[in-house]
Amino acid sequence: MKKGKTGLDAIGSDYINLLMVGRPSTGKTTIANAVAAMTGMPIYTIPISKNTEEDTIEGKNKVVDGKIDFVETDFLKAYQNGGIVVLEEINLADPGVIMGSLGQAIEKPFIVMKDGYIPVKRHPLCVVIATMNTGTAGSRQLNQALSSRFKSTYVLDDPDKNTFIDILAANGYGKRTCQYVFNAYTKICTYLKDPSQSQEELCDNLTLRGCLGALEAIEEGQNAKEALRNTLIGKIAEVDLEVARAVNDNVINSLPELVTKRSSSMF
């Protein structure tokens with residue numbers, strides 16, 4: 001770039017396309033934002049769905065002040081000017097559509113057809129990060145041709161117990177309450193994974209966000225077990241109501257009552 005080269009001439013083989021795979025709430029988007037903060041690069045987050053069309057990549061024609069005008073999308077801004085572009089849940093997209101627009105954009109010849117017909121070269125400092133959840137509704141296997149364009153695939157697992165509790169506590173909740181919610185989360189997952197239940201896939205509905213929701217409900221005054229029913233158990237009920245009732249009867253009802261310093265001081 002210092003020598004005045006642009007596009008493919010400047011990029012060579014030194015481009016960054018990476019994929020992050022993991023369950024919801026394992027920190028994929030958070031990591032992308034952390035990279036942006038550390039590097040000082042602008043970041044553009046683009047949610048992908050089965051309805052995503054090529055104009056999400058190439059730019060869109062919209063009515064502006066009563067006239068049809070071309071509008072640059074976030075992808076096109078990062079592509080032309082540099083920055084981190086995060087394609088969230090890329091595996092939800094229609095493979096044909098996403099390959100048609102992204103295929104030659106993120107790999108040689110590094111060109112996007114702006115507005116469908118104007119060739120635009122990829123900025124050498126355009127970083128493409130794609131994320132995908134596993135086991136969520138509507139998810140599918142990533143198109144192999146698209147997958148091959150990402151040099152690296154990073155798998156993000158649930159944090160270990162201490163880290164998980166520390167993350168919960170970092171949001172301002174008491175350590176004892178965080179441990180209680182984490183233990184409930186673990187017991188529910190263990191119950192679902194038991195061979196007698198064979199409902200391991202429902203664990204994908206239980207996330208760190210759900211645990212934070214339970215903590216928030218407890219903080220607002222809900223009984224701890226009721227808070228768990230309205231968050232973690234509710235997420236299971238969205239998929240299978242009967243299993244949710246069984247988890248409530250066999251796991252939640254068997255939990256001890258939550259005793260915190262605040263509640264113990266009431267006696």
Side-chain angles (χ1 to χ4, degrees), residues 6-36 39 41-60 72-157 201 204:
T6 61
L8 181 57
D9 293 333
I11 296 170
S13 61
D14 197 24
Y15 60 93
I16 298 177
N17 300 335
L18 65 90
L19 180 65
M20 289 191 286
V21 180
R23 298 203 311 124
S25 300
T26 47
K28 299 181 293 294
T29 304
T30 299
I31 288 175
N33 281 291
V35 171
T39 59
M41 296 176 70
I43 185 168
Y44 305 88
T45 302
I46 303 169
I48 302 295
S49 73
K50 66 178 181 179
N51 298 316
T52 297
E53 298 182 353
E54 291 190 349
D55 58 9
T56 299
I57 308 299
E58 300 171 349
K60 302 180 179 184
E72 289 188 348
T73 59
D74 283 345
F75 183 93
L76 195 55
K77 291 175 184 175
Y79 197 83
Q80 293 182 108
N81 306 313
I84 298 173
V85 55
V86 182
L87 302 171
E88 288 199 323
E89 300 194 60
I90 191 171
N91 56 318
L92 297 184
D94 181 298
V97 171
I98 206 73
M99 271 304 297
S101 55
L102 274 180
Q104 64 178 3
I106 64 175
E107 196 180 51
K108 295 179 181 178
F110 299 117
I111 291 176
V112 159
M113 301 306 290
K114 178 178 177 179
D115 203 12
Y117 69 97
I118 304 172
V120 173
K121 296 179 180 180
R122 176 175 177 169
H123 192 283
L125 294 179
C126 173
V127 173
V128 178
I129 299 177
T131 73
M132 57 181 284
N133 293 326
T134 55
T136 54
S139 63
R140 65 183 82 182
Q141 183 177 348
L142 188 63
N143 176 277
Q144 191 59 43
L146 183 58
S147 172
S148 67
R149 284 165 165 77
F150 291 91
K151 292 181 178 180
S152 304
T153 299
Y154 297 91
V155 179
L156 276 67
D157 292 318
E201 69 279 1
D204 290 327

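For reference, positions follow the sequence shown, starting with 1.
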| Looking at Tyr154, does the NZ or CZ of Lys28 lie under 6.0 angstrom from its six-membered ring centre and within 45 degrees of the ring axis? | no

Starting at [atom1] of [X], measure out to [atom2] of [Y] and round the result to the nearest 0.5 Å.
X	Y	atom1	atom2	answer
Ile57	Leu87	CD1	CG	6.0 Å
Thr29	Met20	OG1	CE	7.0 Å
Asn51	Leu92	CG	CG	10.5 Å

| request: Mind checking side-chain contact (heavy atoms from CB on, under 4.5 Å) for Thr39 and listing every partner two or more places apart, or none if nothing turns up? | output: Val35, Met41, Ile84

| request: Using the test side-chain hydrogen bond (donor to acceptor under 3.5 Å, both in side chains), find all partners of Thr45 that sit at least two apart in sequence or belong to another chain. | output: none

| request: Determine, step by step, whether Asn17 and Lys151 satisfy the side chain to side chain contact (heavy atoms under 4.5 Å, CB included) criterion, reporting the C-alpha distance in whole Å, the side-chain angles of both residues, the deciding distance to 0.1 Å, and the verdict. | output: CA-CA 6 Å; Asn17 300 335; Lys151 292 181 178 180; 5.6 Å; no

| message | Suppose the criterion is salt bridge (Lys or Arg N to Asp or Glu O under 4.0 Å): which pairs have a residue in residues 116-132, not counting sequence neighbours? | response |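 As it turns out, there is no salt bridge (Lys or Arg N to Asp or Glu O under 4.0 Å) pair with a partner in residues 116-132 once direct neighbours are skipped.
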
Which atom names give the shortest non-hydrogen contact between [X] and [Y], and what distance separates them?
X	Y	value
Pro124	Ala10	CG-CB, 3.6 Å
Ile90	Phe150	CD1-CZ, 4.1 Å
Ile43	Ala36	CB-CB, 3.8 Å

| task | Evaluate the criterion side chain to side chain contact (heavy atoms under 4.5 Å, CB included) for residue pair Glu88 and Thr131; output intermediate values, then yes/no. | result | CA-CA 5 Å; Glu88 288 199 323; Thr131 73; 3.9 Å; yes

For residues 97-111, please give each side-chain donor-acceptor pair under 3.5 Å, one per line with the distance, not counting sequence neighbours.
| residue | atom | partner | partner atom | Å |
| --- | --- | --- | --- | --- |
| Ser101 | OG | Val97 | O | 3.3 |
| Ser101 | OG | Ile98 | O | 3.4 |

| task | Could you list the residues that satisfy salt bridge (Lys or Arg N to Asp or Glu O under 4.0 Å) with Asp74, not counting sequence neighbours? | result |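 With neighbours one apart ignored, the set is Lys77.
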
| Partners meeting salt bridge (Lys or Arg N to Asp or Glu O under 4.0 Å) with Glu72 (sequence neighbours left out) |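 Glu72: salt bridge (Lys or Arg N to Asp or Glu O under 4.0 Å) contacts with Lys114.
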
| Does the side chain to side chain contact (heavy atoms under 4.5 Å, CB included) test come out yes or no for Val21 and Met132, once each step is laid out? | CA-CA 5 Å; Val21 180; Met132 57 181 284; 3.7 Å; yes

| Step-by-step side chain to side chain contact (heavy atoms under 4.5 Å, CB included) determination, Ile129 to Ile31 | CA-CA 10 Å; Ile129 299 177; Ile31 288 175; over 6 Å; no

| query | In this structure, which one of Thr56, Val86, Thr73, Thr52 forms a side chain to side chain contact (heavy atoms under 4.5 Å, CB included) with Ile46? | reply |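 Only match with Ile46 under side chain to side chain contact (heavy atoms under 4.5 Å, CB included): Thr56.
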
